[in-house]
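By convention in this document, chain letters (A, B, ...) are assigned in the order of the sequence lines, proteins followed by strands, and residues within each chain are numbered from 1. Basis for what follows: all heavy atoms, side chains included, without hydrogens, waters or symmetry-related copies.
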2 protein chains.
Amino acid sequence: MKNPLPFLPTNDLSAEEVMSSITIDCCVFSFEKGYLEVLLVQHGQGISKGKWGLPGGWIKKEEDIDVAADRLLSELTGVKDIYLEQVKTFGKPERFPLGRVITIGYYALINREDFKVKAGFTASEAKWYRIKDIPDLIYDHNEILQASLNRLRGKVKRAPIGFNLLPEKFTLLQLMQLYTEILDVEMDKSNFRRKFLKMKLLQEAGDKQTGVSHRAAKLYRFDEEIYQNLTRKGFNFEF
Amino acid sequence: MKNPLPFLPTNDLSAEEVMSSITIDCCVFSFEKGYLEVLLVQHGQGISKGKWGLPGGWIKKEEDIDVAADRLLSELTGVKDIYLEQVKTFGKPERFPLGRVITIGYYALINREDFKVKAGFTASEAKWYRIKDIPDLIYDHNEILQASLNRLRGKVKRAPIGFNLLPEKFTLLQLMQLYTEILDVEMDKSNFRRKFLKMKLLQEAGDKQTGVSHRAAKLYRFDEEIYQNLTRKGFNFEF
DNA sequence: ATATCTTATGGTTTATTTGACTACAAGTAT
DNA sequence: ATACTTGTAGTCAAATAAACCATAAGATAT
């Protein structure tokens with residue numbers, strides 16, 4: 001049996017290794033210079049040659065779907081232990097022009113500092129795009145991206161997952177800019193500070209920002225343990 | 001080609017009509033006498049004979065997955081235009097003992113008054129279970145149910161979907177009991193009333209409750225049009 | 001019909017949270 | 001030293017939420 005749909009995915013399993021008709025597509029988000037960005041890959045072959053799309057691939061025959069998504073992402077980004085969340089499954093019959101393929105959408109959050117594009121990756125190129133500059137993507141990938149973004153926006157308000165996009169130590173202003181960018185709302189510096197500090201999620205790192213041409217801000221880190229306590233009694237973070 | 005997995009689903013498409021290896025399972029919720037309930041079906045054949053599970057079935061070869069879920073539910077419940085939402089896709093390799101089957105979980109909300117179990121349904125029996133009385137279900141259906149319930153709990157706070165569980169006209173107390181039951185929290189009658197009325201989602205039906213042995217409450221109905229305006233500028237309903 | 005019971009419905013009071021804004025601190029660059 | 005930039009703390013009024021209280025409107029029991 002030959003893999004019936006050779007043009008789709010960006011990894012290269014043999015036909016025997018894949019479960020046909022179901023794929024995974026993933027939005028990888030990162031935060032760089034104040035902008036939320038998504039990693040796109042350019043398809044180098046087949047009918048979609050030259051167009052950009054979300055990284056994706058087949059699920060192995062005996063592989064859990066979450067594991068498959070994690071594998072695809074580690075292969076692509078070189079990052080281990082990625083924050084990963086399933087968004088939605090897309091199953092319009094016509095979504096993929098060469099046959100019936102259902103795809104499970106995921107999104108991932110990575111700290112840009114850890115990131116390296118894997119050289120041997122079969123997608124000919126990979127590139128970060130700012131959310132506002134996303135081009136027309138292949139198939140229904142714009143729709144998948146939009147759904148992922150909506151999910152991220154919702155989630156970031158009720159769980160402190162934003163930290164996955166930041167380096168280990170960060171300033172309160174960086175954190176606020178992250179929220180500002182993701183939620184696309186303006187906020188007041190002082191009020192943000194008060195509100196965020198009140199929930200006591202942050203631990204002072206002890207040191208301060210360096211290399212800035214103004215008063216250096218304190219660095220904080222996210223405290224996982226305190227977070228566990230908070231989630232138990234619910235966490236809400238509207239702006 | 002023969003349908004490779006004859007024991008799974010509760011509808012009976014021929015092997016040619018189905019897309020093998022992907023199914024849909026659905027939690028149908030309703031609200032009856034103050035309790036949130038789920039519709040379960042008893043499997044009448046195969047290895048899971050006698051055990052209860054969520055209703056589910058195959059997706060047709062050229063059928064949208066949302067359409068498939070809707071079709072399954074109309075067949076089962078006799079209700080048209082069901083409120084339906086995709087929850088999550090479940091893909092552990094071992095979730096189904098007879099082969100690799102990925103399933104897409106949905107949940108539905110129906111008004112119990114409209115409901116009739118379809119006689120010709122292949123599941124030998126269908127029955128409503130209160131959320132707190134759910135037995136051990138087949139495969140990973142308890143997990144699917146839990147995920148659906150969590151999703152419902154989240155969604156009910158930011159969109160007024162709860163109305164799908166109520167008759168067209170209802171009292172404020174019924175509405176509060178619905179929220180109380182779904183979210184599993186106590187609330188104050190008076191505060192609930194003020195808070196809900198303030199968002200002006202409800203329209204007075206004009207008439208009152210009948211057949212109660214105390215002061216009759218005003219009946220309200222949910223106003224879809226007003227809701228559309230509200231959602232545009234966001235809707236939040238924490239308790 | 002009067003008293004009693006139950007839920008409906010409209011308020012009040014107080015504490016808490018928000019949002020807008022002001023002011024000063026602590027650095028860098030000139 | 002001065003100007004400039006961001007950090008950090010605090011104020012104040014408005015909005016919200018939480019905990020109650022009181023009365024209304026029926027039905028039922030005596």
Side-chain angles (χ1 to χ4, degrees), chain A residues 31 33-34 156-158 160 166-167 169-181 183-222 230 233-239, chain B residues 31 33-34 156-158 160 166-167 169-181 183-222 230 233-239:
Chain A
F31 185 63
K33 302 196 205 317
V156 92
K157 287 190 269 188
R158 41 201 58 86
L166 293 175
K169 298 182 196 175
F170 49 85
T171 69
L172 280 174
L173 189 59
Q174 281 179 294
L175 185 60
M176 184 178 103
Q177 284 164 344
L178 175 68
Y179 276 89
T180 301
E181 168 73 3
L183 299 176
D184 197 22
V185 290
E186 293 302 306
M187 0 196 185
D188 179 90
K189 239 188 335 174
S190 183
N191 292 339
F192 177 90
R193 165 183 213 77
R194 169 164 37 108
K195 189 161 182 180
F196 217 108
L197 286 177
K198 193 179 45 162
M199 12 189 232
K200 299 195 192 305
L201 267 179
L202 300 181
Q203 205 179 31
E204 292 193 14
D207 46 349
K208 293 186 174 185
Q209 231 176 354
T210 56
V212 288
S213 68
H214 55 78
R215 173 177 177 181
K218 278 186 194 167
L219 291 170
Y220 292 86
R221 65 166 59 92
F222 168 60
L230 263 181
K233 58 172 186 152
F235 175 93
N236 191 19
F237 203 64
E238 300 284 339
F239 287 98
Chain B
F31 184 65
K33 301 196 205 317
V156 93
K157 286 190 269 188
R158 41 200 58 85
L166 292 175
K169 299 183 196 175
F170 49 86
T171 70
L172 280 174
L173 189 60
Q174 280 178 295
L175 185 59
M176 185 179 102
Q177 285 164 343
L178 176 66
Y179 276 88
T180 302
E181 167 73 2
L183 298 176
D184 198 21
V185 290
E186 293 301 306
M187 359 196 187
D188 179 90
K189 239 190 329 175
S190 183
N191 291 340
F192 177 89
R193 164 183 213 78
R194 173 158 32 94
K195 188 162 182 180
F196 218 108
L197 287 178
K198 192 175 49 158
M199 14 189 232
K200 300 196 190 303
L201 267 179
L202 300 180
Q203 206 179 31
E204 293 193 12
D207 47 348
K208 294 186 173 184
Q209 233 176 355
T210 56
V212 288
S213 69
H214 54 79
R215 173 176 177 182
K218 280 186 193 168
L219 290 170
Y220 292 85
R221 65 166 59 90
F222 168 61
L230 263 182
K233 57 171 186 154
F235 174 93
N236 190 20
F237 204 64
E238 299 286 337
F239 287 97

Would you give the length of the straight line joining atom [atom1] of [X] to atom [atom2] of [Y], rounded to the nearest 0.5 angstrom?
X	Y	atom1	atom2	answer
A/Leu219	A/Gln209	CG	CD	6.5 Å
B/Leu183	B/Leu178	CG	CG	8.5 Å
B/Lys200	B/Lys198	NZ	NZ	10.0 Å
B/Leu172	B/Lys218	CG	NZ	9.0 Å

Can you measure [X] atom [atom1] to [N] atom [atom2] for me and round it to whole angstrom units?
X	N	atom1	atom2	answer
A/Asp188	D/dT8	CG	C1'	12 Å
B/Lys198	D/dT16	NZ	C1'	7 Å
B/Phe196	D/dA17	CZ	P	14 Å
B/Glu186	D/dA18	CD	P	14 Å

### Task
Tell me which residues in residues 171-181 of chain B put a heavy atom below 4.0 Å from DNA chain C, sorted by number, or none.
B/Leu173
### Query
Can you list, by residue number, the residues of residues 202-212 of chain B that have a non-hydrogen atom closer than 4.0 angstrom to DNA chain D?
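Those residues are B/Val212.
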### Task
Taking only heavy atoms on the protein side, list every residue of residues 213-220 of chain A lying under 4.0 Å from any atom of DNA chain D, sorted numerically.
A/His214, A/Arg215, A/Ala217, A/Lys218
### Message
Taking any heavy-atom pair under 4.0 Å as a contact, classify A/Lys195: base, sugar-phosphate, or nothing.
### Response
sugar-phosphate
Can you tabulate the close N/O pairs, meaning under 3.5 Å, that link protein atoms to atoms of nucleotides 12-15 of chain D?
none

### Task
Identify, with sequence neighbours excluded, every residue that meets salt bridge (charged side-chain N to carboxylate O under 4.0 Å, His left out) alongside A/Glu186.
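Checked A/Glu186 against salt bridge (charged side-chain N to carboxylate O under 4.0 Å, His left out); zero matches.
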Show me the side-chain donor-acceptor pairs of residues 187-197 of chain B shorter than 3.5 Å, one per line, residues at least two apart or across chains.
| unit_1 | atom_1 | unit_2 | atom_2 | d |
| --- | --- | --- | --- | --- |
| B/Asp188 | OD2 | B/Ser190 | N | 3.0 |
| B/Asp188 | OD2 | B/Asn191 | N | 2.8 |
| B/Asn191 | OD1 | B/Arg194 | NH2 | 2.6 |
| B/Lys195 | NZ | B/Glu238 | O | 2.6 |

### Summary
chain A reaches DNA chain C, atoms under 4.0 Å from its heavy atoms, from C/dT18 to C/dA29
### Task
Please identify each residue that fulfils ring pair (Phe, Tyr, Trp, His ring centres under 6.0 Å) with B/Tyr220, with sequence neighbours left out.
none
### Message
Could you walk me through whether A/Leu166 and A/Leu175 satisfy the side chain to side chain contact (heavy atoms under 4.5 Å, CB included) test, starting with their C-alpha distance in whole Å, then the side-chain angles of each, then the deciding distance to 0.1 Å, before giving a yes or no?
### Response
CA-CA 8 Å; A/Leu166 293 175; A/Leu175 185 60; 3.7 Å; yes
### Query
What pairs with B/Lys157 under side-chain hydrogen bond (donor to acceptor under 3.5 Å, both in side chains), at least two apart in sequence or on another chain?
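Listed in chain order: nothing, the list is empty.
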### Query
Is there side-chain contact between B/Phe170 and B/Leu202, with at least one heavy-atom pair below 4.5 Å?
yes
### Task
For A/Gln203, check side chain to side chain contact (heavy atoms under 4.5 Å, CB included) against everything at least two apart and list the hits.
A/Arg221, A/Asp223
### Query
Excluding sequence neighbours, so at least two apart, what forms side chain to side chain contact (heavy atoms under 4.5 Å, CB included) with A/Glu181?
A/Phe31, A/Tyr35, A/Leu36, A/Lys132
### Message
As a quick check of understanding, evaluate side chain to side chain contact (heavy atoms under 4.5 Å, CB included) for B/Met176 and B/Thr171, giving each step before the final call.
### Response
CA-CA 9 Å; B/Met176 185 179 102; B/Thr171 70; over 6 Å; no
